[in-house]
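Below is one structure, written out as structure tokens; the observations come after it.
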There are 2 protein chains.
Amino acid sequence: MASVPLHISISEKLRDQIASGVYAPGEKLPSEHQMMAAFGVSRITVRQAIANLVNQGLAQSKQGKGVFVTPQTKVAYSLSSPLVLLESDLAQKGIKLTFENISFKKVRPPENVRAILGLTEPSAYFQKKLLSMNGSVGAVDITYILPELGQQFGPQLKRKMTFPVLEENAIAIERIEATIECTHADYEMSGHLEVPLGQPLIVYRYTAYSNPDKPILQGETISRADRFCYALTVKRSAP
Amino acid sequence: MASVPLHISISEKLRDQIASGVYAPGEKLPSEHQMMAAFGVSRITVRQAIANLVNQGLAQSKQGKGVFVTPQTKVAYSLSSPLVLLESDLAQKGIKLTFENISFKKVRPPENVRAILGLTEPSAYFQKKLLSMNGSVGAVDITYILPELGQQFGPQLKRKMTFPVLEENAIAIERIEATIECTHADYEMSGHLEVPLGQPLIVYRYTAYSNPDKPILQGETISRADRFCYALTVKRSAP
DNA sequence: TAACTTTACTTGTTATAACAAGCTAGTGAT
DNA sequence: ATCACTAGCTTGTTATAACAAGTAAAGTTA
């Protein structure tokens with residue numbers, strides 16, 4: 001019975017109380033001093049229990065103020081294509097997508113991107129957008145686009161999301177290859193997405209092809225994990 | 001200058017050494033005692049610095065052995081259906097999927113699962129499998145199955161993965177609704193997946209329907225984030 | 001009243017200490 | 001040679017202690 005460490009049983013007790021609504025989202029938990037008395041343990045044990053909650057994303061501590069239950073802001077994205085955020089998809093769910101252009105310029109892409117895009121010339125267009133869902137910062141979108149497309153559609157790409165621009169201009173996208181994985185916030189992303197260093201992030205990485213062999217853009221969308229939920233429905237033919 | 005906490009500057013020094021190859025992936029870091037001497041700080045500071053590395057996914061500690069640089073073992077899953085691990089999909093990539101039955105029993109499912117499955121009776125079959133890719137523990141699969149299916153196919157479900165059993169028995173799966181999101185390891189999952197408490201995990205949550213209105217199973221696959229990479233190719237019709 | 005200071009409360013950092021528990025290698029007995 | 005055990009390493013848990021630093025409200029001064 002006593003094989004479970006004290007800090008674990010305390011944090012699980014607190015987790016259950018949060019789940020059952022004893023402590024509402026945004027509400028302040030008891031102070032460390034109060035918990036020491038309530039559970040009859042030392043401060044280091046209380047702090048370990050709180051650290052568990054913070055690591056599990058259930059609470060956030062603020063020096064000088066207290067520990068607060070994480071407000072739930074998770075958003076479900078229902079996407080028509082994997083890894084491609086379309087305003088129309090999100091609007092269906094009542095989510096308003098806004099974005100801010102951080103960067104749009106001609107650059108020399110990293111070697112792996114040049115290989116994927118099959119670039120003979122050394123440069124491509126690079127764009128970085130900061131995406132917000134219902135006004136709350138949620139993701140950074142980084143895209144490399146073939147130089148001829150970037151040059152031609154630059155003004156439109158600055159005003160709208162990438163895929164709608166291509167579709168409106170009848171650039172056929174034959175297929176999209178995509179991967180999804182989990183990483184941790186480095187210093188740059190921690191600044192963009194307003195999360196502490198090391199927080200988990202979701203990376204969508206995608207390549208769009210205009211015909212079976214012709215990749216036209218390569219990009220990644222890096223989302224806050226706490227505001228991320230990706231939904232998909234797939235019909236299966238009977239075996 | 002001294003405004004940065006000691007444990008931060010120590011963990012950043014270690015991070016740089018890991019990045020520059022002083023400590024190779026899988027290699028053991030110096031012991032806490034050695035670090036105390038090397039940096040001239042107390043054990044609690046060394047442990048805090050190591051905790052930072054672990055939270056950033058750069059290192060893993062093992063009681064009795066030491067702290068090791070995280071080996072890069074990321075595996076790309078290319079799946080024919082979202083959130084459903086099929087041996088055939090993985091075999092295509094040269095990944096051998098094995099599993100161990102942790103639990104198979106009749107239980108009273110939680111309220112949300114009963115609502116999804118439309119259960120009038122109070123019970124359903126519950127199975128929990130521990131999945132390994134190429135011998136390395138990667139995911140826990142938890143599934144609730146309609147009682148009539150669980151009873152009928154129990155012996156097969158203990159020996160094989162769920163979807164192959166259903167398909168071989170001509171249980172038509174009309175469609176699968178799935179979501180993917182990021183959570184953190186609680187005590188139970190931390191034990192199953194051999195990761196520290198609070199490490200990011202990926203949750204696939206899926207519902208399979210035998211006809212448009214008839215859900216037959218509900219489950220989730222909880223993957224280690226450091227061994228997770230989900231790949232999908234989608235063909236798009238021209239606009 | 002307005003601005004400043006003090007005070008009390010909060011979490012953050014760091015040290016010392018002791019014991020528990022997991023792992024490994026060597027020791028010794030059979 | 002094989003097995004059990006012990007010694008010595010490792011990280012994990014928990015306690016006590018002190019000070020730093022951020023916050024907010026009360027009190028004080030101009």
Side-chain angles (χ1 to χ4, degrees), chain A residues 1-14 18 23 26-70 196-199, chain B residues 1-14 23 26-70 137 185-188 190-199:
Chain A
M1 195 93 319
S3 67
V4 177
L6 280 173
H7 64 85
I8 293 286
S9 60
I10 291 174
S11 62
E12 292 197 338
K13 200 169 291 181
L14 291 169
I18 290 171
Y23 302 112
E27 192 178 338
K28 183 178 171 299
L29 293 180
S31 73
E32 291 176 356
H33 207 77
Q34 289 171 317
M35 287 196 196
M36 287 167 67
F39 295 111
V41 297
S42 74
R43 192 178 166 211
I44 208 169
T45 306
V46 167
R47 284 183 63 78
Q48 184 67 59
I50 292 172
N52 295 340
L53 295 179
V54 171
N55 284 334
Q56 290 172 53
L58 293 171
Q60 300 169 345
S61 64
K62 289 172 189 168
Q63 186 174 357
K65 299 188 77 171
V67 180
F68 300 85
V69 177
T70 303
L197 202 71
Q199 281 290 101
Chain B
M1 194 91 318
S3 66
V4 177
L6 280 174
H7 64 86
I8 293 284
S9 61
I10 291 174
S11 62
E12 292 196 338
K13 200 169 292 181
L14 290 169
Y23 302 112
E27 192 178 338
K28 183 177 171 301
L29 294 180
S31 73
E32 293 175 355
H33 207 76
Q34 289 171 317
M35 286 196 197
M36 285 166 67
F39 295 112
V41 297
S42 74
R43 191 174 168 215
I44 209 169
T45 306
V46 167
R47 284 183 63 78
Q48 183 68 58
I50 292 171
N52 295 340
L53 296 179
V54 171
N55 284 335
Q56 289 172 49
L58 294 171
Q60 300 169 345
S61 64
K62 289 173 189 168
Q63 186 174 358
K65 299 188 76 171
V67 180
F68 300 84
V69 178
T70 302
V137 174
D186 61 11
Y187 191 66
E188 184 196 0
S190 135
H192 283 319
L193 295 177
E194 299 169 6
V195 295
L197 199 72
Q199 280 291 100

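Lettering follows sequence order; numbering is per chain, from 1.
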Q: Identify which nucleotide among dT11(D), dT16(C), dT13(C) has an atom closest to any side-chain atom of I44(B), counting heavy atoms from C-beta outward.
A: dT16(C)

Q: Check the pair L53(A) / V69(A) against side chain to side chain contact (heavy atoms under 4.5 Å, CB included), numbers first and verdict last.
A: CA-CA 9 Å; L53(A) 295 179; V69(A) 177; over 6 Å; no

**Q.** Residue from M35(A), E32(A), Q48(A) passing side-chain contact (heavy atoms from CB on, under 4.5 Å) with R43(A)
**A.** E32(A)

**Q.** Among L6(B), I10(B), T45(B), side-chain contact (heavy atoms from CB on, under 4.5 Å) partner for F39(B)
**A.** I10(B)

Q) If you pin P30(A) and V46(B) to their nearest nucleotides in DNA chain C, which one's is more 5'? A) P30(A)

Q. Looking at the side chain of Q63(A), which of dA21(D), dG12(D), dA15(C) is the nearest nucleotide?
A. dA21(D)

Q: Compare the minimum distances between each of dA15(C), dT11(C), dA15(D) and the side chain of S31(A), then state the nucleotide with the smallest one.
A: dT11(C)

Q.
On the nucleotide dT11(C), are OP1 or OP2 found under 4.0 Å from the side-chain N or O atoms that K65(A) carries?
A. no

Q) If you count the non-hydrogen atoms of other residues, nucleotides and ligands that lie under 6.0 Å from NZ in K13(A), is the total more than 12? A) no

Q: Take the protein atom CD of Q48(A) and the nucleotide atom P of dT11(D), then report the distance between them rounded to whole Å.
A: 16 Å

Q: May I ask you to evaluate whether S61(A) reaches the phosphate of dT11(C), defined as a side-chain N or O under 4.0 Å from OP1 or OP2?
A: no

Q.
Taking only side-chain N and O atoms of T45(A), does any of them lie within less than 4.0 angstrom of OP1 or OP2 on dA15(D)?
A. yes

Q.
Need one value for L6(A): base, sugar-phosphate or nothing, where a base atom within 4.0 Å counts as base even if backbone is also close, heavy atoms only.
A. sugar-phosphate

Q: Assign each of E32(B) and G40(A) to its nearest nucleotide of DNA chain D by heavy atoms, then name whichever residue's nucleotide is nearer the 5' end.
A: E32(B)

Q: Ignoring backbone atoms, test whether S42(B) places a side-chain nitrogen or oxygen under 4.0 Å from the OP1 or OP2 oxygen of dT16(C).
A: no

Q.
Tell me whether the count of non-hydrogen atoms from other residues, nucleotides or ligands lying under 6.0 Å of NZ in K62(A) goes above 12.
A. no

Q) Separation of I10(A) atom CD1 from dT14(D) atom C1', in whole Å? A) 11 Å

Q: Would you please confirm or rule out a distance under 4.0 Å between OP1 or OP2 of dT11(C) and any side-chain N or O of R47(A)?
A: no

Q. Roughly, in whole Å, what's the span from NE2 in H33(B) to P in dA17(C)?
A. 12 Å

Q) Hey, is the side chain of H7(A) poking within less than 4.0 Å of OP1 or OP2 on dT13(D), counting only N and O atoms? A) yes

**Q.** Interatomic distance, M36(A) CE vs dC9(C) P [rounded to whole Å]
**A.** 15 Å

Q.
Please report the distance, rounded to the nearest Å, between CG in N52(A) and C1' in dG12(D).
A. 13 Å

Q | Rounded interatomic separation in angstrom, taking NZ from K62(B) and P from dC23(C) | A | 10 Å

**Q.** Value in whole Å for how far the P atom of dT14(C) lies from CZ of F39(B)
**A.** 13 Å

**Q.** Between dA17(C) (P) and R43(A) (CZ): distance, integer Å
**A.** 20 Å

